Amino acid sequence: MGILRQIAEYLYIRKKDPTAPQTKWMSYMHGINRISIFMFLAALIFLFIKLVILKK
């Protein structure tokens, strides 16, 4: 369940754990992970629109 909790924190669904260690490099890593998750979700939405809604 740790992975699902971390994804929920990335998507701002759940608050961050205040006892988790915060270093500069850990913050960079979480930022890059957050960007990649948002890009993946945007690609899924784009594919859904292209394949289902704009279907010819």
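A quick note: this is a predicted structure, and the numbers were derived from the prediction, not measured. In what follows, residues are counted from 1 in the order of the sequence shown.
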Set of residues satisfying side chain to side chain donor-acceptor pair (under 3.5 Å) with respect to T23, sequence neighbours excluded:
none

Could you tell me if the side chain of H30 sits less than 4.5 Å from the side chain of Q6, heavy atoms only?
yes

In Å, rounded to the nearest 0.5 Å, how long is the span from OG of S36 to CG of L41?
9.5 Å

Can you name the nearest heavy-atom pair linking P21 to M26, along with the distance?
O-CG, 4.3 Å

Looking at L51, L47, V52, I45, which one forms a side chain to side chain contact (heavy atoms under 4.5 Å, CB included) with I49?
I45

Flag yes if I53 and F46 sit in one hydrophobic cluster, no otherwise; membership is Ile, Leu, Val, Met, Phe, Trp, Tyr, and two members link when side-chain heavy atoms are under 4.5 Å apart.
no

Whether over 12 other heavy atoms sit under 6.0 Å from F38 CZ
yes

